Colleague: 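Quick one: structure below, then a few questions.
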Amino acid sequence: MKKRIDWWNLFFTLFFIGLVYVAFELVLWSGADPRSVSVWDSVVMVLATLRLTRLVVYDVITRWIRDWFDDGKEYTFMGTVKTLINCPWCIGLWFAVVVVVAYFVAPFSWFFIFILALGGAASLMQIAANGIGWTAEYKKRKTIDKYGP
C-alpha cells in the first residue's frame, strides 16, 4: 500500500522554517542580542507563550476559531490548520516565535507579553489547585470505600 504524502504538512513545515529564519533576521536587525535575555524575561516569555497556546487550543472564547476548521479533512489545507490549532505542542512553537519577535522588535509589546504571562501563571496555579483538589478527593473516596463513612 502506497503511503500518501501530506503536502500541506510539508508546506507548513517549510513555511515555519522560513518564518523562524525571518524572525531571526528581524531580531538581529533590531540590534538585539538574543543571548542577552535575562532569566526573568525568559520566564515571562514562556508564560506568555503558554497562555497564548491555551487560549487558542483550549479556551471557550476561541472555540469559534477552532469551529471554522472542524470540517477539515486529512491532507487538505483546512485539515492541516485544524490539526495545528488543536495541538498545543504544534501551535506553541508558532506562538513562541511570535512572542520572541514581539519581545525584541516591538518594545511596546512588553505590556501585552506581561499580561499574557500573568494569565499563564494564573493558569498554572489553577491547574495545580485542581490537581491538589482532585488528588485529595480521590484519596478521600478511596479511604471511604476502604473503611466506610
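Just so it is clear, the model here is predicted, and its values are computed rather than measured. The first residue of the sequence shown is numbered 1, and numbering continues consecutively from there.
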Colleague: Look up atom CZ in F12 and atom CH2 in W7, then write down how far apart they are to the nearest 0.5 Å.
Modeller: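 These two atoms lie 15.5 Å from each other.
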Colleague: Decide whether L50 and V57 are clustered together by the hydrophobic rule: side chain heavy atoms of Ile, Leu, Val, Met, Phe, Trp, Tyr closer than 4.5 Å, transitively.
Modeller: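 No, because L50 and V57 fall into different hydrophobic clusters, even though each may have its own neighbours under 4.5 Å.
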Colleague: Is the count of non-hydrogen atoms from other residues, nucleotides or ligands lying under 6.0 Å from F24 atom CZ greater than 12?
Modeller: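 Not more than 12 within 6.0 Å, no.
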Colleague: Just jot down the salt bridge (charged side-chain N to carboxylate O under 4.0 Å, His left out) partners of D6, sequence neighbours excluded, or say none.
Modeller: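 Listed in chain order: nothing, the list is empty.
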Colleague: According to the interplanar angle, ranging from 0 to 90°, do the rings of F11 and F15 count as parallel (below 30°), tilted (30 to 60°) or perpendicular (above 60°)?
Modeller: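 Because their plane-to-plane angle is under 30°, the rings of F11 and F15 count as parallel.
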Colleague: With R51, which of I115, D59, L118 fulfils side-chain contact (heavy atoms from CB on, under 4.5 Å)?
Modeller: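 Single pass found, and it is D59.
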Colleague: Do V97 and I17 belong to the same hydrophobic cluster, where Ile, Leu, Val, Met, Phe, Trp and Tyr are linked whenever their side-chain heavy atoms lie under 4.5 Å apart, directly or via other members?
Modeller: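 Different hydrophobic clusters.
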Colleague: So which heavy atom on F104 is nearest to which on P34, and how close?
Modeller: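 Of all heavy-atom pairs spanning F104 and P34, the closest is CZ-CA, 3.6 Å.
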Colleague: Hey, any chance W8 and L10 share a hydrophobic cluster, counting ILVMFWY side chains that come within less than 4.5 Å of each other, even indirectly?
Modeller: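 Different hydrophobic clusters.
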Colleague: Tell me whether the count of non-hydrogen atoms from other residues, nucleotides or ligands lying under 6.0 Å of CG in D71 goes above 12.
Modeller: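 Not buried by this count: 12 neighbours or fewer within 6.0 Å.
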Colleague: Once you round to the nearest 0.5 Å, how far does CH2 of W29 lie from CG of L26?
Modeller: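 Going from CH2 on W29 over to CG on L26, the span is 7.0 Å.
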Colleague: Is there a chain of hydrophobic side chains (I, L, V, M, F, W, Y, each step under 4.5 Å between heavy atoms) that links L116 to Y58?
Modeller: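 Shared cluster, yes.
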Colleague: Hydrophobic clustering (ILVMFWY, side-chain heavy atoms < 4.5 Å, transitive) - are V43 and L124 grouped together?
Modeller: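 Yes; V43 is reachable from L124 via cluster members.
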Colleague: About how many Å separate CZ of F16 and OG1 of T13, when rounded to the nearest 0.5 Å?
Modeller: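 Answer for the OG1-CZ pair, T13 versus F16, is 9.5 Å.
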Colleague: Any chance you could measure I113, atom CD1, to D41, atom CG, to the nearest 0.5 Å?
Modeller: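 Reported value, rounded in 0.5 Å steps: 9.0 Å.
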Colleague: Identify the heavy atoms of R66 and L55 that sit nearest to each other, and give their distance.
Modeller: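 Heavy atoms only, the tightest pair is NH1-O, 4.1 Å.
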Colleague: Identify each donor-acceptor pair in which a side-chain atom of residues 81-96 lies under 3.5 Å from a protein atom, sequence neighbours left out, and give them as a table.
Modeller:
from: K82; atom 1: NZ; to: D70; atom 2: O; distance (Å): 3.3
from: T83; atom 1: OG1; to: G79; atom 2: O; distance (Å): 3.0
from: N86; atom 1: ND2; to: K82; atom 2: O; distance (Å): 2.7

Colleague: Please find the pair of heavy atoms, one from V37 and one from S42, that lie closest to each other, and give the distance.
Modeller: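 So the minimum-distance heavy-atom pair works out to CG1-OG, 3.3 Å.
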Colleague: Stepwise, does the side chain to side chain contact (heavy atoms under 4.5 Å, CB included) test hold for V101 with V22?
Modeller: CA-CA 10 Å; V101 169; V22 169; over 6 Å; no
Colleague: Rounded to the nearest 0.5 Å, how far apart are CZ of F114 and OH of Y103?
Modeller: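 Going from CZ on F114 over to OH on Y103, the span is 13.0 Å.
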Colleague: Within this structure, what is the CZ-CD1 distance for the pair R63 and I61, rounded to the nearest 0.5 Å?
Modeller: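 Result: 14.0 Å between the selected atoms.
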Colleague: Taking all non-hydrogen atoms of both residues, which atom of S109 and which atom of A102 are closest, and how far apart?
Modeller: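 Scanning both residues, the minimum pair turns out to be OG-O, 2.6 Å.
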